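Here is the structure we will look at.
For this chain, numbers begin at 1 and follow the sequence in order. Quick note: numbers below take in every heavy atom, side chains included, and nothing from hydrogens, waters or symmetry partners. This structure is a prediction, so every number in the text was calculated from the model and none was measured.
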Amino acid sequence: MKTDWHDYLALFGRIFIAAIFFMSGINKILAPGATQEMMAQAGMPLPGLFLVGAIVLEIGGALSLLFGAFTFWGSLALLIFMIPTTLIFHTNFADPNQMIHFMKNLAMIGGILYVMGAGPGRISVDAKRKPESYRRTEADARRRAA
């Protein structure tokens, strides 16, 4: 199947979603003390353990999206990170800044769910690994949309 502009939209969408998680994971590596302090102030137990978990989920999920490899599982890792993060750190709705972060996180969760449902697109490692199953899924999706 020939690559078309939809495939490039999927690629750029994955790149843009991955960028925020990759940068956030790197920042946690570069400033672990600040992140642990923020976690402790939010009342999280074992901030060191959760810091490592956050780094693994963010960077692993971001790389998965970036390359479109094991995309469903990488998206699931990011979803597992995002839901508690949103509920723990961004529910002080009296603070307009926190409301903005909450809504931003909902949009990111929506993007992650979309990738989980639609798949990574043809410009991905997943499409190269299993081209026959990817094409069948894509054909089914196009048939349902028609």
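Taking every heavy atom of both residues into account, Pro120 and Thr71 meet most closely at CB-OG1, 3.4 Å.
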>> Using the rule given for side-chain contact (heavy atoms from CB on, under 4.5 Å), can you reason through Arg122 versus Tyr8, listing the C-alpha separation, both sets of side-chain angles and the distance that settles it, and then say yes or no?
In response: CA-CA 9 Å; Arg122 282 187 282 208; Tyr8 291 102; over 6 Å; no

>> Does Phe102 form a side-chain contact (heavy atoms from CB on, under 4.5 Å) with Thr86? I'd like the steps, not just the answer.
In response: CA-CA 6 Å; Phe102 182 85; Thr86 302; 3.5 Å; yes

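Under the 4.5 Å side-chain contact rule for hydrophobic residues, Met116 and Phe67 do not share a cluster. Using a 4.5 Å cut-off between side-chain heavy atoms of Ile, Leu, Val, Met, Phe, Trp and Tyr, with links allowed through other members, Leu11 and Val115 fall into different hydrophobic clusters. Cluster annotation: Leu46 and Ile80 are assigned to distinct hydrophobic clusters (Ile/Leu/Val/Met/Phe/Trp/Tyr, side-chain heavy-atom contacts under 4.5 Å, transitive). Residues Met108 and Leu66 are members of separate hydrophobic clusters, defined by side-chain heavy-atom contacts under 4.5 angstrom among Ile, Leu, Val, Met, Phe, Trp and Tyr. By the rule that hydrophobic residues join a cluster once side-chain heavy atoms approach within less than 4.5 Å of another member, Leu30 and Val52 end up as members of separate clusters.
The CZ atom of Phe50 sits 14.5 Å away from the OG1 atom of Thr35 when rounded to the nearest 0.5 Å. With rounding to the nearest 0.5 Å, the separation of CG in Leu51 from CD in Glu37 is 12.5 Å. Going from atom CD1 of Ile59 over to atom OG of Ser64 covers 13.5 Å, rounded to the nearest 0.5 Å. In this structure, CD1 in Ile83 is found 11.5 Å from CD1 in Ile88, a value given to the nearest 0.5 Å. From His90, atom NE2 reaches atom CG of Leu106 across 10.5 Å, with rounding to the nearest 0.5 Å. Taken from CD in Glu58 to CD1 in Ile29, the straight-line distance is 9.5 Å, to the nearest 0.5 Å.
Looking only at side-chain heavy atoms (C-beta outward), Phe89 and Gln41 stay at 4.5 Å or farther from each other. When side chains are defined from C-beta on, Leu78 does not count as touching Leu57, because their heavy atoms never get closer than 4.5 Å.
Arg129 forms a cation-pi arrangement with Phe70, by the criterion of a distance under 6.0 Å to the ring centre and an angle within 45° of the ring axis.
Judged by distance alone, with hydrogens and angles left aside, the side-chain atoms of Asp7 form no donor-acceptor pair with the main-chain N or O of Gly121 at under 3.5 Å. Checking side-chain atoms of Arg14 against main-chain N and O of Leu65 turns up a donor-acceptor pair under 3.5 Å.
Looking only at atom types and distance, the side chain of Lys28 has a donor-acceptor partner in the side chain of Ser24 under 3.5 Å away.
When the shell of 6.0 Å around CZ of Phe72 is examined, it contains more than 12 heavy atoms from other residues, nucleotides or ligands. By the neighbour-count criterion of 12 heavy atoms within 6.0 Å, atom CD1 of Ile20 is sparsely surrounded, having that number or fewer from other residues, nucleotides or ligands. Enclosure of atom CE in Met38 by more than 12 non-hydrogen atoms of other residues, nucleotides or ligands within 6.0 angstrom is indicated.
None of Ile112, Ile17, Leu113 except one satisfies the side chain to side chain contact (heavy atoms under 4.5 Å, CB included) rule with Ser75; the exception is Ile112.
Note on ring orientation: taking the six-membered ring where Trp is involved, the planes of Phe21 and Phe81 are perpendicular (angle over 60°, cut-offs 30° and 60°).
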